[in-house]
Amino acid sequence: MTCAFCGREFEEDRGQPACQQCPLGADCRAVRCPYCGYENPVPPPWLVKLRHWLVPHDAH
Amino acid sequence: MPEASRSTQAAKSAAGPACHAGPPAPAAPAGAARVALIGAPNVGKSALFHRLTGHYVTVSNYPGTSVEVTRGSAWLGGRPAEVLDTPGLYSLLAWTDEERVARRIVLSGEADVVVHVVDAKALERMLPLTLQLLESGRPLVVALNMIDEASRLGVEVDARRLSARLGVAVVPVVAVEGRGVEELGRAIAAALAAGARPVRILYGNSVGEAMLSVRERLVGVYPVDPASFVALLFQGDSEVAAEVARREPDGGSAARAAVDRATTALGAPASYRISVERRRLSGELLDGAIVRAGANPPRWLDVLGRLLTRPATGIPVLLIVLYFGLYAFVGQFGAGTVVDWLEGGFERYVTPFFESLFAPVPWAPVRSLFVGEYGLLTLGLRYAVAIILPIVGAFFLFFSVLEDSGYFPRLALLVDRVFKPLGLSGRAVIPMVLGFACDTMATMVTRTLETRRERVIATLLLALAIPCSAQLGVILAILSGEPLALAAWVAAIAGSFLLVGALGARVLPGAPARFHMELPPLRRPRAGNVFLKTYTRMHWYFLEVLPLFLLASVLLWIGNLTGLFGVAVSALTPVVGLLDLPPETAAVFLFGFFRRDYGAAGLFDLDRAGSLDAVQLAVAAVTLTLFVPCIAQFLMMVRERGVRTAVGMLVFITPFAFGGGLLVNLLLRRLAG
Ligand SMILES: Nc1nc2c(ncn2[C@@H]2O[C@H](COP(=O)(O)OP(=O)(O)OP(=O)(O)O)[C@@H](O)[C@H]2O)c(=O)[nH]1
Ligand SMILES: [Mg+2]
Ligand SMILES: [Zn+2]
């Protein structure tokens with residue numbers, strides 16, 4: 001994925017999921033960029049699929 | 001060769017089935033040239049590596065690190081060669097261990113030829129690194145990879161023209177299919193035969209001069225041309241500064257002085273000037289060498305991008321963005337129009353419906369748990385659905401538009417100067433911006449700041465002066481009809497931010513943190529992206545908020561039954577009275593400590609009931625904003641900064657918040673006559 005702050009690309013699993021470290025314990029679906037630390041929201045997979053289905057050529 | 005060398009089945013996924021574990025790979029023959037594949041992550045370095053090399057590869061840790069580097073042998077243009085596959089690298093300015101290793105392979109001169117692997121689809125973003133590699137003076141070849149995908153997307157690159165402009169071979173390849181790989185091998189052999197290139201510095205806009213003036217001071221012996229160290233010196237890279245100090249006869253002092261002089265001449269901050277100039281030059285080099293069917297990224301975006309980072313133009317734009325985005329859209333539309341509409345629905349239909357549903361329940365306490373003054377359905381659910389949800393929804397929409405456009409890194413650049421006297425760097429914009437979404441998450445993000453000093457100051461400022469989205473929306477909505485109160489609130493919060501930051505920087509000694517980053521391009525936000533991000537954030541927020549709001553209702557219900565809530569409220573009443581606030585506000589303050597947004601919703605309700613005048617609204621808003629974070633944020637502060645620091649902050653913030661409220665009250669009452 002591409003970090004929304006610094007524009008660098010990283011594998012989603014290389015970014016640290018922020019939720020596991022959060023005392024709120026809520027599933028905020030954010031992944032921290034390994035370069036700049038920005039918390040990037042990760043949309044639920046079904047929604048991403050839906051989008052590709054609706055707008056096939058609209059890559060991010 | 002590294003000691004820890006071991007032969008393995010290629011560990012990396014991209015390696016593909018071509019490699020087998022075998023007997024220890026034959027060492028590259030003596031006299032084999034070393035070829036390093038360098039490039040951004042995901043551009044196809046490993047794919048190309050496996051095309052260039054045979055079946056035997058070794059994976060070993062780069063000496064002194066835990067970063068893996070893959071080596072393999074090849075025949076290139078009739079010569080034996082050892083090829084290195086390296087971790088992805090965006091720029092010589094390295095942030096991670098992997099990047100540092102890739103950079104060391106370039107700067108140590110251990111590669112006889114560097115192959116810059118680039119993604120033809122995204123050349124604009126890749127060329128700045130090409131420019132940096134050119135500065136090293138080492139033989140260089142550009143592998144223009146993924147031309148298959150590029151042409152599918154309608155992007156055609158004129159490799160010959162680009163090659164002429166850069167002065168190095170540019171070879172189109174499709175690594176996954178092996179297309180162009182032979183030509184690449186020949187180009188590598190030719191570059192090897194040609195040997196070191198004279199370094200040309202192509203930069204204009206006085207950046208080139210500045211870099212040359214420093215380059216001239218570097219007289220030590222370097223494995224590559226020291227021109228490639230110059231930008232890194234400007235960017236304050238400590239590893240490179242140490243190396244220069246080691247290699248210069250005068251310990252690098254002449255170079256340091258030249259950097260300082262040139263920095264002043266450039267007008268700070270030099271590192272931005274350099275990266276902006278690199279991007280401009282990349283655009284110029286590509287002009288006419290790249291053809292895009294349809295959308296060429298519009299030029300005006302580049303111009304706008306530059307305007308956003310200059311104080312004279314960037315600050316007015318920031319104010320306009322805040323006015324329309326926060327005040328008009330989040331405050332007036334989200335927290336005003338939409339909330340009114342939803343609250344109306346609750347008042348007219350939802351609450352009466354629940355009340356009639358529970359009317360037959362004979363036990364009053366049970367009834368009040370669900371539909372009483374602090375009922376689960378009449379308060380908890382209503383606060384979450386009718387007040388908080390529309391406000392944070394509007395906020396996240398605004399936030400996602402800015403995020404998707406690439407505005408945030410430009411904001412970081414813009415405020416870097418403002419932040420400096422506060423002991424912060426532009427990098428602290430990341431937690432500050434995230435703090436408006438959720439202060440708790442932002443507190444966790446402060447750990448990515450470089451120095452402890454910066455981390456402590458950022459944590460304190462987040463707790464003190466950054467309202468979360470719901471709080472901000474509510475406050476903007478209730479103060480929107482009262483310009484004087486709104487001005488007082490803005491002044492009090494901004495003033496506290498600057499004052500406490502400056503004090504923090506005084507109290508905590510330390511060097512100012514350096515900040516530098518390469519800017520991603522500015523772009524038109526896409527509806528699809530914005531929707532996905534807004535939805536994801538709202539979904540998360542709502543799932544987090546709803547159970548907590550319901551829990552709060554239960555706690556309040558218990559507190560009411562046992563009378564504990566009354567005790568706490570009456571303990572706070574004199575304090576609230578000092579601020580000339582009615583006793584009901586004590587409950588709102590209690591809510592506020594539980595959750596910032598819950599307190600905000602309570603304040604909203606009070607305002608609705610018409611219990612507060614303009615001055616009281618301003619005083620309550622200022623105190624609630626400055627007042628300690630919610631429990632979750634406090635726990636995070638303890639976790640990130642330790643108990644002592646966190647409690648210390650609490651002890652500072654509490655009187656500061658009430659003092660701030662008191663001061664605003666006195667001033668406004670006097671002004672009001
Ligand atoms: N269409 C196409 N895909 C390619 C090409 N080269 C590589 N890929 C694909 O791009 C993806 C990334 O390739 P890798 O070789 O792993 O990239 P890398 O540069 O080694 O990435 P890192 O090791 O993460 O830095 C893989 O899915 C490859 O199959 C190409 O020329 N055309
Ligand atoms: Mg790779
Ligand atoms: Zn990032």
Side-chain angles (χ1 to χ4, degrees), chain A, chain B residues 40-43 88 90-91 95-96 98-99 122 125 153 396 400 403-404 406 408-409 412 427 429-431 433-434 437-438 440-442 444-449 517-521 526-529 531-537 539-541 543-545 547-548 631-633 635-636 638-639:
Chain A
M1 65 184 296
T2 308
C3 173
F5 190 90
C6 67
R8 296 177 167 212
E9 263 172 49
F10 62 92
E11 303 282 331
E12 222 163 88
D13 53 14
R14 253 201 73 194
Q16 306 171 25
C19 315
Q20 290 164 9
Q21 303 167 17
C22 178
L24 294 174
D27 182 15
C28 67
R29 307 198 57 84
V31 169
R32 185 176 323 142
C33 166
Y35 300 100
C36 71
Y38 189 78
E39 304 272 2
N40 289 275
V42 182
W46 64 266
L47 203 59
V48 177
K49 273 198 205 115
L50 181 71
R51 182 189 175 190
H52 281 291
W53 185 70
L54 289 173
V55 210
H57 296 296
D58 195 25
H60 341 252
Chain B
N42 249 320
V43 294
Y90 276 100
S91 133
W95 294 50
T96 61
E98 282 85 1
E99 287 182 303
R125 282 199 296 144
L153 291 170
F396 286 148
S400 302
E403 181 186 67
D404 203 54
F408 290 154
R427 192 160 194 181
V429 160
I430 298 174
V433 157
L434 288 169
C438 171
T440 308
M441 181 216 256
M444 185 167 75
V445 171
T446 57
R447 69 162 70 156
T448 59
L449 299 175
M517 77 177 288
E518 317 267 331
L519 286 174
R526 297 197 183 202
N529 281 350
F531 170 76
L532 279 184
K533 288 171 174 178
T534 307
Y535 173 83
T536 307
R537 291 200 162 100
H539 183 118
W540 146 66
Y541 199 93
L543 283 190
E544 180 189 310
V545 140
L548 285 172
I631 294 176
Q633 187 178 355
L635 289 178
M636 186 64 93
V638 169
R639 237 194 51 177

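Every chain is numbered from 1, with letters handed out A, B, ... down the list of sequences.
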So, do M444(B) and T440(B) sit near enough that their side-chain heavy atoms are less than 4.5 Å apart? no
Tell me, side chain or backbone of [X] under 4.5 Å from chain A's heavy atoms, or both, or neither?
X       : value
N42(B)  : side chain
Y535(B) : side chain
A40(B)  : neither

Residue pair [X] / [Y]: nearest heavy atoms and the distance that separates them:
X       : Y       : answer
T536(B) : P41(A)  : CG2-CB, 4.1 Å
E39(A)  : R537(B) : O-NH2, 4.0 Å
D404(B) : N529(B) : OD1-ND2, 3.2 Å

Mind ranking P431(B), P409(B), P41(B) by heavy-atom pairs under 4.5 Å with chain A and telling me who comes out on top? P409(B)
Verify side-chain contact (heavy atoms from CB on, under 4.5 Å) between E403(B) and F408(B), making sure each step is shown before the conclusion. CA-CA 6 Å; E403(B) 181 186 67; F408(B) 290 154; 3.7 Å; yes
Determine the option with the most heavy-atom pairs under 4.5 angstrom with chain B, choosing from C36(A), G37(A), P44(A). C36(A)
For C3(A), is it the side chain, the backbone, both or neither that has a heavy atom under 4.5 Å from a heavy atom of chain B? neither
